[in-house]
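A quick write-up on the structure given underneath.
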Amino acid sequence: MSTIAQKRGFASTIWDYLTTVDHKKIAILYLIAGGFFFLLGGIEAMLIRIQLAVPNNDFVSAGFYNELLTMHGTTMIFLAAMPLLLGFMNAIMPLQIGARDVAFPFINALGFWLFFFGGVFLNLSWFLGGAPDAGWTSYASLSLASEGHGIDFYALGLQISGFGTLMGGINFLVTIINMRAPGMTYMRMPLFTWTTFVASALILFAFPPLTASIFMLTFDRMFGANFFNVAAGGNTIIWEHFFWIFGHPEVYILILPAFGIFSEIFATFSRKRLFGYSSMVFATVLIGFLGFMVWAHHMFTVGLGPVANAIFAVATMAIAVPTGIKIFNWLLTIWGGSIKFTVPMIYAVAFIPSFVMGGVTGVMQAAAPADYQYHDSYFIVAHFHYVIVGGVVLALLAGTHFYWPKMFGTMLSEKIGKFTFFFFFVGFHLTFFVQHFLGLMGMPRRVWTFLPGQGLDTGNLVSSVGAAFMAIGVVSLLVNIVITTMKNERVGNDPWGDGRTLEWALPSPAPFYNFKQLPLVRGLDAYWLEKMEGKDTLTPAEPIGDIHMPNPSFVPVVISFGLFVAAFGAMYQVDDKPWAIPVLIIGLAITFGAMLYRSIKDDHGFHIHKEDLMEDDDDNKGVKA
Amino acid sequence: MKNRLSKWRLMSVFAALALVLSGCGEPFLSTLTPAGEVAYQQYDLMILSTVIMVAVIVVVTIIFVLAITRFRRKKGEEDKIPKQVEGSHTLEIVWTVIPIVLLLILAVPTVIMTFDQADVKAMDEEPNEEGVRDALVVNVRASLYWWEFEYPDYGVITSQELVVPTDQKVYFNLIASDVKHSFWIPAAGGKMDTNTDNVNKFWLEFDSEKADEANNLFYGKCAELCGPSHALMDFKVETKSQEDFQAWLNAMQSAEEVAPADTAAAQGQQIFEQSCLSCHAVTPQDGRPEQARLAPNLATFGERSRIAGILDHNEEELKNWIRDPEQYKPGNKMTGTYQELSEEELDQLASYLMSLKVEEK
Amino acid sequence: MVNNQSNTNNPRLDYEYRRRKNAEGMRIQVATFTLMIFFTVISFAAVAAGFSKWFVIPVILLLAVIQVGFQLYYFMHMGEKGHEAPSMFMWSGIGVAFLTILAFVTIIWW
Amino acid sequence: MNADEKYTPQTWPEGPERATLEGKNKFLGFWFFLGGETVLFASLFATYIALKDKVPSPDHALAKDLFELPLVFVMTMLLLTSSLTSVYAMYHLKNYDFKKMQLWLVITVLLGLGFLGCEIYEFVHYYHAFDHTFTSSAFGSAFYTLTGFHGAHVIFGLAWFIALIVRNAGRGLNLYNAPKFYVASLYWHFIDVVWVFIFTVVYLMGMVG
Ligand code: HEA
Ligand code: HEA
Ligand code: CUA
Ligand SMILES: [Cu+2]
C-alpha cells in the first residue's frame, strides 16, 4: 500500500473511480457531474434569455420553452447546486473534523451513483420524446395533463437521485456525530461542518415529503391512482403542500453550506477568528428550524385563507433575524481584520450586498398582500436568483477557487479568477436586477414570449445581455481549470498561507487515509492555534498504528443502475409495451440482488500497516500530516 | 458624521427609488400604477417594505464599504496578526432587536391587509326577490387559454373581456375547468389562483380616475404555468361608469341573436352553425352547464379589442386565427375541431363574427 | 429510565449482575407489552361499543400515542444512555410530522 | 477490535450492537433513517386523512362500509406480539445466546407472515366485495398507498430477518453481525409503531366516522 502515487492506465483510473469509496474521490465525482449539469442548466438558461431578448421572438417554440425552463430549474437545483455542495462537503468536512473517512463510505458512493443515474435518466428525456414541461414545481393539475413522458422522467429521475441525496444526508450526520477527532467538541467544529450538519438534518426531514409526493405523482401518472385527480376525489393542493414542505427547506439546504463556505473564507482571509462563533452556530440551527414552518409562503395566492396566510407571513419574516445575525457577524469578522483580496475573498465580499438584496426581497414577498402582486411574476425570479446566484453560486465559485488546491494539489490562476469574477458578477446584476422591475410592471414568469407595447422590451434585453456576461465568466473558469491542470504546479499543505482549520494541515491533496495519526484538537481553528505556537504540524492524539480502511466496491454502481433500468420499465408500461414490465422486474432484481449480495458477503475492509505508513513518511518529506 | 452620511444616502436612494418606480410601466398593466383600493393597499405595503429594505441595504453597505476599505492588508503588513475577537454581546443584541422592530413595523399592516383583502362577506348576503345581490359578483372560469366571465345574478356570460363598473367593489368566484390558472389584473390588484378543486373568492376595485388614464382598458394575465400558450392567456378588463355598466348589463340581458346584415354574413352564420356552434355560443344568455361551454362566448365578439386575447382585432387577423389557431396559440383546444375552410368561407365567417355586437358602438 | 446500563468501563465486569439486569429489563418489557395489549383492547372495545365519536377519537388517539411512546422508549430504548442523538432526531421528525398533519387537516379544504 | 473474534457469554460486551465503530455508526445512521421514515409516513397519513372517503360518486364504498374490527384486531395482535418476540430475541442477543435468539426471530418472522397473510386477504376481500381498488377513487389510492407502504415495510423487514437468520446460522454471534440483528429489530419495532397509528387512524377512526 505504500506506493499510492503509482502511474496508472486510463482504464484503471476509470475503474478506480467507479469503485471508489474514498470521500475525496467521491467529492471529485460530485464536482465533475455537478459541474457538467451546471453547464447544461446554464446553456438552458442562455436559450431562455435568447428567446426573451426581444418581444414576439420565435427562437424556440412554446412547448420547447416550457421544457427548457423546467429542466433549467430542476437541473440547477437538484443536479447542479446541491451535488456541487455535497461535493465540497465530501471533500472538506471529514478533514475538518479530523476523520479518516465518512461513517459509511459504501453508502457515500451509493449516494453519488444514485444521484448520477437519476440525473442522467432525467436528461435522457431530451432524446426520448420530450423533457418535462410543467415547471420545476410540477404542480399537479398541469403535470397530470402534460402529455408524453416528460413528467414521468421528472418523477422517476428525481426519485432516484433523491434517494441518493437522503443517503448523503444521513451519512454526514453520523460522520459528524461519531467520527470527530479527540477534542473536536461540537463548539469547536468549523462553521462549514456545522452548516453541513444542519443542511444534512434538513435533507433528512425535507426529502421524505418529496419522496412521498413523487410516489403519488408516479402512481397517478403510471399506475392509475387518483391522488390529484379531482374527478375521482383527488386534490391537487396536496401536491403543492408537499412540494413546498420539501421545497422551502431545500433552499436552506442550498444556502446554509454556502454560508459555511463563506464563513471559512472570511475568517481565513481576514486572518481573524469568526466573530460571534456561537451565535453563528445558533443562527444556523435556528434557520434550519424555522425553515420548516414557512412553506406556505409559496402558496399565498392559492386561497388557504387569511389566517393561514397571516401566520405564514409572520413566520417567514422571522427568518430575517437569524440571517441578519450572520450577515453582521461576517461584517464584524472582516472589521479589524487584515483582509487579503484573493479570488475566494473577492467572491465572499461580493456575496454580502448581493445576498442581502435577495434576502430583503424575500422579506418583501413575505408580506402576503404584497406577494399577491409579486407571486408568479418576474419579481420572484429576481428574488430567487439573487439569493441563489448571489448566494449559492458565488459560494460554489468561491469554494472552487478556495478548495481547489486541497482537492487537486494545484492552484487556479488568480488572474483568470478575477476575470471570471468580474464578468460573472457584473452579468449577474445586469441580468437579475431589472427583473424586479419587469415583475412589478406586470410580467408573469414562465412566459414563453411577451407582446410588444407593454413596456417590457428594454428590461428584457438588458437582462439577456447580462446573461451573456455570465456565460463569458463561466467559460473563463473552464479555461482556468484547463490551464491550471496542464501546468500542474504542485503546492504544499497551506497554499493560502492563512489556513485555520484542520484540512490545511494535511498535504494537498490529502493522502487517502487522511490522517496518519488522528489529531488532538485543542480549540476552535485548531491548525491556526498550532501555527500561533510556532508549530506547523498538529498534535497527534494517538501513536502511529494500523489504519483500517474500507474496500472499494462496484456494487453501488450496480444498485443504482438497477433502479435506472427499472425506471424505464415503469415508464413504458403505460404505453403497453410488452417488454416494459419485464424490464421493470429485471431492474428491481438487479438492485435488490446487489443489495442482498452486499449484505450477505462480509466486507471487513483492509488495514494499512504501521510500517507502510512510516515508509510513506519518507516519501513525502517536508509535507507533514 | 457617519449618521449624516447615512441620512443623506437614504434620502437620495429614496428619491431615486420613487423616481424609478413612478416612471415604470404602463398604466394599463403595471403594479406601480395602482388603479383601485386593493392595488393601492398593496402598493403602499410594497413601498413601506421597500423603504425598510433599502434602509437595511444602506446600513449593510456602509459597514461593508468601510470594512473593506479600511482593513485591507497593506504592504509591509504581511505578518500582521489582527486581534482575534470572540464576539460582542451588545452588538449581538443590537442586530437582533433592530431587525425585529423593523419586521414588526412590516408585520402589522401585513396582517391587517391580509384579512381586509380576504373579506368577501358581502358575497354571502341574501339576494333580493329578483335574485340580485347588492354586491356585484362575477364568476371567473379559466380554461386552456381563455377566460369566461359570468354574472350569475344577471344570467349573463361573456368571454375574454371582463366588463366592470368603476368605484365599486367587484367580487369574484374563481375556478379552473382543466388545469390550474391564476387570475391577475396587475394594475387593479394582486392575483388569486383559479384551482381545479374549489372556488376561490376575492374582490377588486377599479378607480375611475385611474381607469381614465388607462383608457378604460386594463390588461389581465394568467399567472400560473398552464401549458404551451400560458404566455398568451391574456384577457382585458373594460371599465365603465356605474350607469354605463348597468346599461351594458341590460343590453346583455336582452340581447338576441344578431340577424345577419348582408348575404356574406348570412352565409357565415350558416357555416358557423354547422361547424362552430357546438362549442361557441353567440348570445350572452348561454343556458348550458359549465362543462358544455367549451369555447369563448362570442356574443360581443364584434366589440372586442383583441382576438383570442392577443391578436389585433380586425378581419385579417380573424381569418388568420380561424385558418390556423395553432400558429398563434400552440396547444389551444380549437385547433383541428372543424373542417378545412375555403378562403371564401373564411371571409363569410369573418364578416359574420365581426357583426356580433350587443351594444352599438 | 429502566435498566440503566452500569457505568463501568470494563464490559466483562460482573457477568452475573448483567444477566440479572437483562432479565429484569425483560420483565419490564413484558409488562409494557401487557399494557400495550390492554390499550389496544380498550381502543377496539371503545369503537365496538359505539360511543360518540367525540369521545372515542380523542381516547383512541391518546392511547395510540402512549403505546407508541412505549414502543419507542421501552422496546427501542430511546430514552437510554447513548440515545441522545436518536431521540433528538426522532423528536424533530415527529415535529415535522405533526406540522404536516396539522396543515393537512386544516388548510386543504373540506 | 476484530469483528470476527469469538466470544463467550462472559466476554460478550454489554452493548454488543455498539461495541465497534461500525456498530455505532450503523446504530446511529439507522435511527436517523427512522426519523426520516417518520416524516415519510406522516406524509402518507396526512394524505390519507385529506382524501379519506373522497370518491367520485356515491356508489363507492366508504371507510365505514369497508372495515371490520375482528380482522384488524387479529392483525394488530399478530404484529404487536411479533414486536415482543423480537424484544426477546434482542434479550438473548445481549446474553450471547445465539440459538434462542434465532428461535425468537423465527417466531417473529412467522407472526409477521401471519400479519401479511391477513393483509393480503383483506385487500382481496375489498376488491371482490366492494370493488374498492387502488384506482377506483382517491380514497382507494390513499388507503392502499398508506397500508401498502406499511405492508411493503413488513415484507422488507421479513426478508431482512430471514436473510440474517440464514446467513448467520452457521457462525453464531459476533460483533460484526450483532449490530445487524439489532438494527433489524429496531426496524421491526418501527413497523409496529406505524401500525399502531394505522389501526387507530385508518381503521378505528374510519369505523366511527
Ligand atoms: C437559496 C435559496 C433561497 C433563499 C436563501 C431564500 C430566502 C428567503 N426567501 Fe425565497 N425563494 C427561493 C429561494 C430562496 N429564498 C426560490 C427558489 C423561490 C421560488 C420558488 C419558485 O416559485 O419557483 C423563492 C420564493 C420565495 C417566496 C415565494 C414568493 C412567491 O412565489 O410568491 C417567498 C415569500 O415569502 C420567499 C421568501 C424568502 C425569505 C423571507 C427568505 C429569507 O431567508 C431571507 C433572509 C435574508 C435577509 C432578510 C437578508 C439579510 C438580513 C439582514 C441584513 C437583517 C435585517 C433585515 C431585515 C430587517 C429585513 N422566497
Ligand atoms: C441553482 C439554481 C439556479 C441557477 C444557478 C440559475 C441560473 C440562471 N438562471 Fe435560473 N432558475 C432557477 C434556478 C437557477 N437558475 C429556477 C429554480 C427557476 C424556475 C424554473 C421554473 O419556473 O420552474 C429558474 C428560472 C429562470 C428564469 C425564468 C424563466 C421563466 O420564468 O420563464 C430565467 C430567465 O431569465 C433564468 C435565468 C437564469 C440565468 C441567466 C442563470 C445564469 O446564472 C446561468 C449562468 C450559467 C451559465 C451562463 C453557464 C454557461 C455555460 C456555457 C456558456 C456553456 C459552455 C459549455 C461548454 C464549453 C461545454 N432562470
Ligand atoms: Cu393559464 Cu397560464
Ligand atoms: Cu420559501
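Throughout, a chain's letter reflects where its sequence line sits, starting with A, and its residues are numbered from 1.
Of the atoms belonging to L173(A), it is side-chain heavy atoms, and not backbone ones, that fall under 4.5 Å from chain C. Contacts between L304(A) and chain C at a heavy-atom distance below 4.5 Å involve backbone atoms as well as side-chain atoms. Contacts of V302(A) with chain C are made by both backbone and side-chain atoms, with heavy-atom separations under 4.5 Å. With a 4.5 angstrom heavy-atom cutoff, S92(C) touches chain A via backbone and side-chain atoms both.
Contacts with chain A (heavy atom to heavy atom, under 4.5 Å) involve no residue of residues 55-65 of chain C.
Here the straight-line distance linking atom OG1 of T100(C) with atom CD1 of I245(A) works out to 4.0 Å at 0.5 Å rounding. Taking CD from E84(C) and CD1 from I177(A), the interatomic distance works out to 10.0 Å, rounded to the nearest 0.5 Å.
For the pair F89(C)/I170(A), no side-chain contact is recorded, criterion being any heavy-atom separation below 4.5 Å from C-beta on.
No more than 12 heavy-atom neighbours from other residues, nucleotides or ligands sit within 6.0 angstrom of CZ on F98(C).
Contact count against chain C (heavy-atom pairs under 4.5 Å) is highest for G303(A) among G303(A), G305(A), A206(A), P208(A). In terms of heavy-atom pairs under 4.5 angstrom with chain A, the leader among A85(C), A97(C), G93(C), G95(C) is G93(C).
Between F104(C) and H241(A), the angle of the ring planes lies from 30° to 60°, which puts this pair in the tilted group.
Across A103(C) and W295(A), no two heavy atoms sit closer than the pair CB-CZ2, 3.5 Å. Contact between F292(A) and V96(C) at its shortest, heavy atoms only, is CD2-CG2, 4.0 Å.
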